[in-house]
2 protein chains.
Amino acid sequence: MTSVEQHEHPIEPTINATVLRQIRADIVACRLTPNARLRVEALRLRYGVGGSPIREALMRLEAEGLVTLEAHKGFRVSPVSHDNLVDLTKTRGEIEAIALRWSIANGGVEWEADLLGAFHRLTHQRKTKRSAGDTVDPAWFREHRNFHAALVAACGSPKLKAIRESLFAQAERYVALSIISKSPVRNDIAEHEQIMGAALAHDVARAIRLNSAHIERTAERVAKSLVGAKRAFLLRGGIDEGMG
Amino acid sequence: MTSVEQHEHPIEPTINATVLRQIRADIVACRLTPNARLRVEALRLRYGVGGSPIREALMRLEAEGLVTLEAHKGFRVSPVSHDNLVDLTKTRGEIEAIALRWSIANGGVEWEADLLGAFHRLTHQRKTKRSAGDTVDPAWFREHRNFHAALVAACGSPKLKAIRESLFAQAERYVALSIISKSPVRNDIAEHEQIMGAALAHDVARAIRLNSAHIERTAERVAKSLVGAKRAFLLRGGIDEGMG
DNA sequence: TGTCAACATATTTTCGAAAATATTGGATTT
DNA sequence: AAATCCAATATTTTCGAAAATATGTTGACA
């Protein structure tokens with residue numbers, strides 16, 4: 001370490017923050033499967049850290065809805081269910097509608113430019129990895145997430161944005177689940193382009209309608225593969241630890 | 001401990017859960033003032049527990065928006081500001097509107113009965129404690145919270161309900177702040193009755209309009225006393241630890 | 001065979017102390 | 001006097017172990 005680095009603060013993230021992001025990513029990608037028990041000892045080994053930052057991260061994720069906690073019985077990955085998916089889809093549709101309405105009302109040239117940029121990056125990102133045949137490239141998920149964030153970036157409400165982001169992550173988990181169950185992933189560039197077009201044209205009603213349709217269409221496909229995913233997991237022996 | 005108790009599970013709450021509720025209540029009531037540092041040692045002494053459950057509770061509250069965390073600098077009570085109040089009010093108005101719309105659509109006789117009961121309890125609860133002159137009775141806060149929860153109880157969406165509850169708690173904190181700054185508290189039984197009347201009449205538009213007006217009217221009063229509250233706190237020497 | 005208690009194990013939860021990082025205050029130099 | 005460095009202190013963060021609770025298993029007994 002040079003003497004310079006002692007004065008610049010490179011803002012080293014805490015173990016806590018690091019492991020929080022890791023666990024969240026693992027849950028959203030279903031590498032930690034729905035309803036699976038989250039034993040501290042197992043997670044300690046998995047992430048190579050002590051028990052305290054693990055528990056603190058899980059506590060945070062419980063508030064976000066990705067983890068459940070029962071007193072004296074520990075943590076679990078939140079279970080999935082058809083009811084939960086329906087609730088999530090409906091709620092997310094309404095929240096995104098508000099955010100989109102406000103964003104279109106407030107958004108200026110800067111917002112429009114960022115949105116076009118996000119769309120461009122999304123369309124030029126391969127959806128499936130060329131190496132692993134049917135798994136979706138994590139980079140595509142990132143660009144997809146960024147595009148939808150760009151749509152509502154100008155809404156002007158940190159609170160609404162945080163709520164939207166939380167619901168988006170929960171929805172992503174269901175998509176990851178449907179991918180695992182070998183459902184073909186549709187290519188919906190046209191859909192995204194239409195939403196963006198309506199937003200840029202300041203056509204609030206149309207943007208909201210298209211966005212809601214986008215959310216619901218995705219949810220329907222996921223719902224269809226949900227029962228299949230459940231069967232697949234049960235056959236693999238995940239009866240107790242598996243999904244609800 | 002008798003032999004019977006070993007088989008009945010009285011569900012002892014964990015220290016964690018207990019201290020979480022305590023800290024949340026203290027923050028919402030501004031007994032822990034906005035922007036105040038939350039040192040683990042101080043909280044350890046205040047609540048008489050170890051550091052682990054404290055940190056876990058604070059982590060949970062950070063996700064709820066009542067606490068902020070900066071890496072290696074610890075926790076603080078979330079600061080208050082005019083911008084934050086405006087954001088909170090606008091967002092809460094929209095969220096409650098959705099919940100109210102769904103609740104009116106789904107609600108049956110059971111919901112109506114509970115709502116009438118909640119209103120009755122609210123109106124028969126003294127607002128100010130007879131002992132301490134100008135402090136609001138915590139029991140009134142509870143009934144007020146219950147009444148607004150009863151309005152949206154039939155909305156059918158656990159997710160939306162959780163979001164609404166979180167925003168409601170944040171708004172309550174601002175009200176507590178305005179009370180501390182000696183603002184007179186208005187008696188708004190008539191307002192609550194009108195909202196309930198519209199809901200029971202299944203007049204969605206009117207119920208939403210009245211509810212939003214209720215939220216905004218309260219926020220305006222709070223906003224006026226906000227600058228006064230700030231001055232009061234600063235004079236008391238809370239410059240560094242006080243409010244943002 | 002089935003039920004229940006008592007023991008043994010596994011796991012969660014909590015504490016106290018160690019390690020890592022930030023902050024403060026004073027001495028030194030420009 | 002202002003800025004800078006260094007040491008001392010305070011605080012956060014993390015770990016490892018102890019305490020509390022849940023779960024599983026065995027054996028006695030009806």
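To find a chain, count down the sequence lines: A is the first, B the second, and so on, and within it residues start at 1. The figures that follow rest on heavy atoms only: side chains count, while hydrogens, waters and symmetry mates do not.
- Of the candidate nucleotides D/dT14, C/dG16, C/dT14, C/dG16 has the atom nearest to the side chain of B/Arg44.
- Proximity of residues 45-53 of chain B to DNA chain C (heavy atom under 4.0 angstrom from any strand atom) is restricted to B/Val49, B/Gly50, B/Ser52, B/Pro53.
- The distance between atom CD of A/Glu56 and atom C1' of C/dT14, rounded to the nearest whole Å, is 13 Å.
- Residue A/Met59 contributes atom CE, which lies 11 Å from atom C1' of C/dT13 at whole-angstrom precision.
- In terms of the salt bridge (charged side-chain N to carboxylate O under 4.0 Å, His left out) criterion, B/Glu220 has no residue partners (sequence neighbours excluded).
- Checked against side-chain hydrogen bond (donor to acceptor under 3.5 Å, both in side chains), B/Asp26 has the following partners two or more places apart in sequence or in another chain: B/Arg31, B/Arg46, B/Tyr47.
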Contacts under 3.5 Å, N or O only, protein and nucleotides 18-21 of chain C:
none

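- Rounded to whole Å, the distance from CG on B/Leu69 to P on D/dT12 is 11 Å.
- Annotation: side-chain hydrogen bond (donor to acceptor under 3.5 Å, both in side chains) contacts of A/Asn84 (sequence neighbours excluded): A/Tyr174.
- Separating the CD1 atom of B/Ile54 from the P atom of D/dT13 is a distance of 14 Å, rounded to the nearest angstrom.
- Evaluation of the salt bridge (charged side-chain N to carboxylate O under 4.0 Å, His left out) rule for B/Arg60 yields A/Glu62, B/Glu64 as partners, not counting sequence neighbours.
- Checked against salt bridge (charged side-chain N to carboxylate O under 4.0 Å, His left out), A/Glu143 has the following partners two or more places apart in sequence or in another chain: A/Arg121.
- Among residues at least two apart or in separate chains, salt bridge (charged side-chain N to carboxylate O under 4.0 Å, His left out) pairs with a member in residues 82-92 of chain A are A/Arg92-A/Glu96.
- Within the structure, no pair that satisfies the salt bridge (charged side-chain N to carboxylate O under 4.0 Å, His left out) test touches residues 147-160 of chain A, not counting sequence neighbours.
- For the pair B/Glu70 CD and D/dT12 C1', the interatomic distance rounds to 12 Å; values are reported in whole Å.
- Remark: B/Arg145 fails to qualify as a cation-pi partner of B/Phe141 under the 6.0 Å distance and 45° angle criteria applied to the six-membered ring.
- An OP1 or OP2 oxygen of C/dT12 is reached within less than 4.0 angstrom by no side-chain nitrogen or oxygen of A/Arg55.
- For the pair A/Leu43 CG and D/dC15 P, the interatomic distance rounds to 13 Å; values are reported in whole Å.
- The two residues B/Ala154 and B/Asn106 make their nearest non-hydrogen contact at O-CB, 3.2 Å.
- Residues passing the side-chain hydrogen bond (donor to acceptor under 3.5 Å, both in side chains) test with B/Glu41 are B/Arg44, sequence neighbours excluded.
- Residues passing the salt bridge (charged side-chain N to carboxylate O under 4.0 Å, His left out) test with B/Arg21, sequence neighbours excluded: none.
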Between the protein and nucleotides 9-11 of chain D, list the N/O to N/O atom pairs that are separated by less than 3.5 angstrom.
unit_1 : atom_1 : unit_2  : atom_2 : d
D/dT11 : OP1    : B/Arg39 : NE     : 3.2
D/dT11 : O3'    : B/Arg37 : NH2    : 3.3

